[in-house]
Amino acid sequence: DGCGHTVLGPESGTLASINYPRTSPNSTVCEWEIRVKPGQRVQLKFGDFDIDDSDSCHSSYLRVHNGIGPNRTEIGKYCGFDFQMDGLITSKSNEVTVQFMSGIHASGRGFLAAYSTTEKSDLITCLDNASHFSEPEFNKYCPAGCVIPFADISGTIPHGYRDSSSLCMAGVHAGVVSNTLGGQINVVISKGIPYYEGSLANNVTSKVGPLSTSLFTFKTSGCYGTLGMESGVIPDSQITSSSILEWPNQTGQVNIWKPENARLKRVGPPWAALISDEHQWLQIDLNKEKKITGIITTGSTLAEYYYYVSAYRILYSDDAQKWTVYREPGMDKDKVFQGNTELYQEVRNNFIPPIIARFFRINPLKWHQKIAMKVELLGCQFSIGRAPKITLPPPPPQNKNDEKNADFTDDFIHSVKTSLQTDKTTFTPEIKNTTVTPSVTKDVALAAVLVPVLVMVFTTLILVLVCAWHWRNRKKKSEGTYDLPYWDRAGWWKGMKQFLPTKSAEHEETPVRYSSSEIGHLRPREVPTMLKTESAEYAQPLVGGIVGTLHQRSTFKPEEGKEASYADLDPYNSPIQEVYHAYAEPLPITGPEYATPIIMDMSSHPSTPLGVPSISTFKAAGNQPPPLVGACSKLLSRTDSASSAQALYDIPKGQPGPGGASELVYQVPQSVAHSTGSKDE
């Protein structure tokens with residue numbers, strides 16, 4: 001009568017004293033006999049040990065024996081408050097007896113221990129949590145039986161579990177390990193979250209939890225996706241049931257709770273059976289074999305209809321004719337899954353090992369008021385090529401025991417299908433041979449030759465394109481100085497005109513007359529027209545009132561500062577003046593390309609006879625140097641208050657000085673060819 005929580009699995013298990021973790025009663029005794037497979041040994045680990053040692057382990061103690069029965073031998077006898085047992089207790093055989101004796105005592109929680117085979121070197125107990133381990137990621141082995149009423153967990157998948165939660169109990173809740181079998185867990189520690197949700201899964205209730213510094217999750221195979229009930233991938237025609245609930249409401253409208261309504265999170269009524277008994281079922285056709293790892297269920301989700309299924313069985317088939325009831329490995333009873341406790345909450349149950357089947361059936365066993373539910377299946381695609389090959393023994397000879405042998409063969413095949421955790425092991429005739437044929441080998445060899453050739457061809461093509469692009473750029477760079485289709489010609493001319501040779505201009509005999517008053521009244525687009533002559537090579541500088549209306553054909557920019565003024569200067573009596581060149585801008589394409597201000601340096605020529613050509617800064621078109629037409633004239637200088645430099649211009653003919661007459665006459669250089677002799681004006 002001293003036995004507490006006990007789960008003895010084929011490879012691992014959990015055992016505890018009565019009333020643990022509270023004080024065990026006086027004068028109680030319990031004995032556990034543990035067996036594993038022959039050839040293996042048992043290891044025992046204590047998660048908690050608190051037994052009264054006031055009488056030196058005489059009446060209260062825990063004793064461990066090698067073997068079972070009268071021939072067993074003692075390994076050790078233990079007692080003590082908060083006794084810390086280092087390491088594991090290991091047996092010498094595959095059988096162990098654990099005996100607990102509780103005498104007269106006032107305190108003591110008793111003990112909780114876990115066992116497994118010795119090959120599970122990373123065994124932990126159901127009391128271990130994530131805070132006991134400092135590694136950010138680790139693997140541990142959880143024993144069977146860790147769904148215990150005195151342990152708590154907070155959180156759920158995929159968000160994670162609070163670090164104070166029991167690792168193994170959380171593993172059962174997450175569907176990573178089975179409570180009846182135990183198993184390996186791969187734990188990952190990460191930063192905590194402010195709030196942990198609660199849920200019901202695999203008969204484990206997770207509570208709502210507050211903020212924690214860290215949390216843990218589990219690494220899994222990833223085969224936990226939805227299979228198409230909620231999304232509609234599974235069509236309505238592949239969802240059937242044993243019966244359908246129909247009834248008219250108060251308005252006379254007929255309500256039909258069809259099987260296709262049994263889609264999780266779908267708005268509206270669920271599927272409901274016409275008759276509520278244990279022979280009803282909901283069937284789902286997955287269209288082909290798939291690996292099914294879990295199921296999620298809810299009730300009716302309608303407040304006015306408080307219907308839900310609280311317990312059910314699972315059946316599966318490959319042909320919808322012969323059905324198999326799901327059982328856990330090593331168990332001889334059908335597994336009954338815990339369903340819903342109310343109509344809204346989603347409850348998840350996992351299949352360990354997974355089910356490999358095409359047809360899936362839910363058989364309700366318990367319900368509230370009526371059988372009604374919505375479901376979703378979890379799993380992934382099933383790859384039959386990855387399944388291990390099973391070799392069955394040859395059929396026995398025909399005799400009177402044929403029926404018995406046939407039953408044995410069926411049971412053997414069923415046990416193999418249930419125990420495998422990967423995929424179904426039977427192969428259909430449609431699977432083709434995976435051996436590489438000679439034709440495939442030839443194709444592979446041909447590909448091995450063609451691939452390098454194609455790579456070389458593409459490489460050569462790329463090199464040719466690169467060379468062509470490089471040659472094109474060099475050709476552009478080698479173009480003439482005046483061929484600048486893509487450059488900013490004005491900016492280029494400002495920086496480079498000082499390095500270019502000066503040009504001389506030809507002059508035409510007949511001057512062009514225009515007045516400042518007339519030009520001042522013209523619009524900007526009309527100014528070039530007034531200044532244009534039939535054969536003028538260079539644009540003329542604009543003075544007076546048209547400075548503010550310069551157009552594109554003007555090659556001079558107005559200078560900033562005070563208003564410009566003009567005065568007569570005598571170049572023979574004044575010192576050599578520094579010549580200031582106004583900025584030049586490009587001419588339009590239809591006109592001459594460049595222009596240079598008219599500058600005459602008279603300081604080095606004190607006297608120049610009439611008719612003799614003087615030095616000009618213009619370069620004539622062609623190879624003939626043009627003569628300078630006209631008599632010696634005074635120069636008109638434009639002065640600027642901000643600069644000492646002066647630009648010199650021709651003064652109007654026949655005028656004593658600027659400002660005297662309303663009409664000014666200027667000598668305009670022309671591009672008409674002149675003879676070498678003197679010409680009449």
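What you see is a predicted model, and the numbers here were worked out from it, not measured in a lab. This chain uses plain numbering: 1 for the first residue, then up along the sequence.
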Check whether [X] reaches the backbone of [Y] with its side chain - one donor and one acceptor, N or O, closer than 3.5 Å.
| X | Y | answer |
| --- | --- | --- |
| K290 | G379 | no |
| N350 | N202 | no |
| S199 | S206 | no |
| N349 | Q338 | yes |
| T297 | V375 | no |
| N179 | V172 | no |
| T14 | V7 | no |
| K291 | C223 | no |

Closest heavy-atom contact between [X] and [Y]?
| X | Y | result |
| --- | --- | --- |
| W323 | Q321 | CD1-O, 3.5 Å |
| E33 | T97 | CG-OG1, 4.4 Å |
| D52 | C79 | O-CB, 4.2 Å |
| L167 | F133 | CD1-CE1, 3.5 Å |
| R263 | M229 | NH1-O, 2.8 Å |
| L44 | A113 | CD1-CB, 4.2 Å |

Applying the side chain to side chain contact (heavy atoms under 4.5 Å, CB included) test to I355, which of I295, T324, I292, T293 qualifies?
I292
Among N66, I34, V64, which residue satisfies the side chain to side chain contact (heavy atoms under 4.5 Å, CB included) criterion with S91?
N66
Residue pairs fulfilling salt bridge (charged side-chain N to carboxylate O under 4.0 Å, His left out) with at least one residue in residues 342-368, sequence neighbours excluded:
D285-R358
With a 4.5 Å cut-off on side-chain heavy atoms, are I157 and Y224 touching?
no
Any donor-acceptor pair under 3.5 Å linking the side-chain atoms of [Y] with those of [X]?
| X | Y | answer |
| --- | --- | --- |
| T117 | Q40 | no |
| H105 | S59 | no |
| Q43 | S116 | yes |
| S165 | Y196 | no |

Taking atom NZ as the centre, does K92 end up with more than 12 heavy-atom neighbours from other residues, nucleotides or ligands that are less than 6.0 angstrom away?
no
Within the supplied structure, the quantity of interest is the number of heavy atoms (other residues, nucleotides, ligands) at a distance under 6.0 Å from R72 CZ; does it exceed 12?
yes
Evaluate the ring planes of F100 and F111, with Trp represented by its six-membered ring, and classify them as parallel (under 30°), tilted (30 to 60°) or perpendicular (over 60°).
tilted
With under 30° as parallel and over 60° as perpendicular, where do the rings of F351 and F337 fit, or are they tilted in between?
perpendicular
Hey, could you give me the [atom1]/[atom2] distance between [X] and [Y], rounded to the nearest 0.5 Å?
| X | Y | atom1 | atom2 | result |
| --- | --- | --- | --- | --- |
| L215 | R162 | CG | CZ | 10.5 Å |
| L282 | I239 | CG | CD1 | 7.5 Å |
| I51 | S54 | CD1 | OG | 12.0 Å |
| N363 | Y312 | CG | OH | 11.5 Å |
| T217 | Y161 | OG1 | OH | 10.0 Å |
| L62 | F49 | CG | CZ | 5.0 Å |

With side-chain contact (heavy atoms from CB on, under 4.5 Å) as the criterion, how do K288 and Q381 come out once you've worked through the C-alpha distance, each side chain's angles and the decisive distance to 0.1 Å?
CA-CA 9 Å; K288 61 180 179 179; Q381 298 295 329; 3.2 Å; yes
Side chains of residues 134-148: which donor-acceptor partners sit under 3.5 Å, not counting sequence neighbours?
| residue | atom | partner | partner atom | Å |
| --- | --- | --- | --- | --- |
| E137 | OE2 | K219 | NZ | 2.8 |
| N139 | OD1 | N186 | ND2 | 3.4 |
| Y141 | OH | S12 | OG | 3.4 |

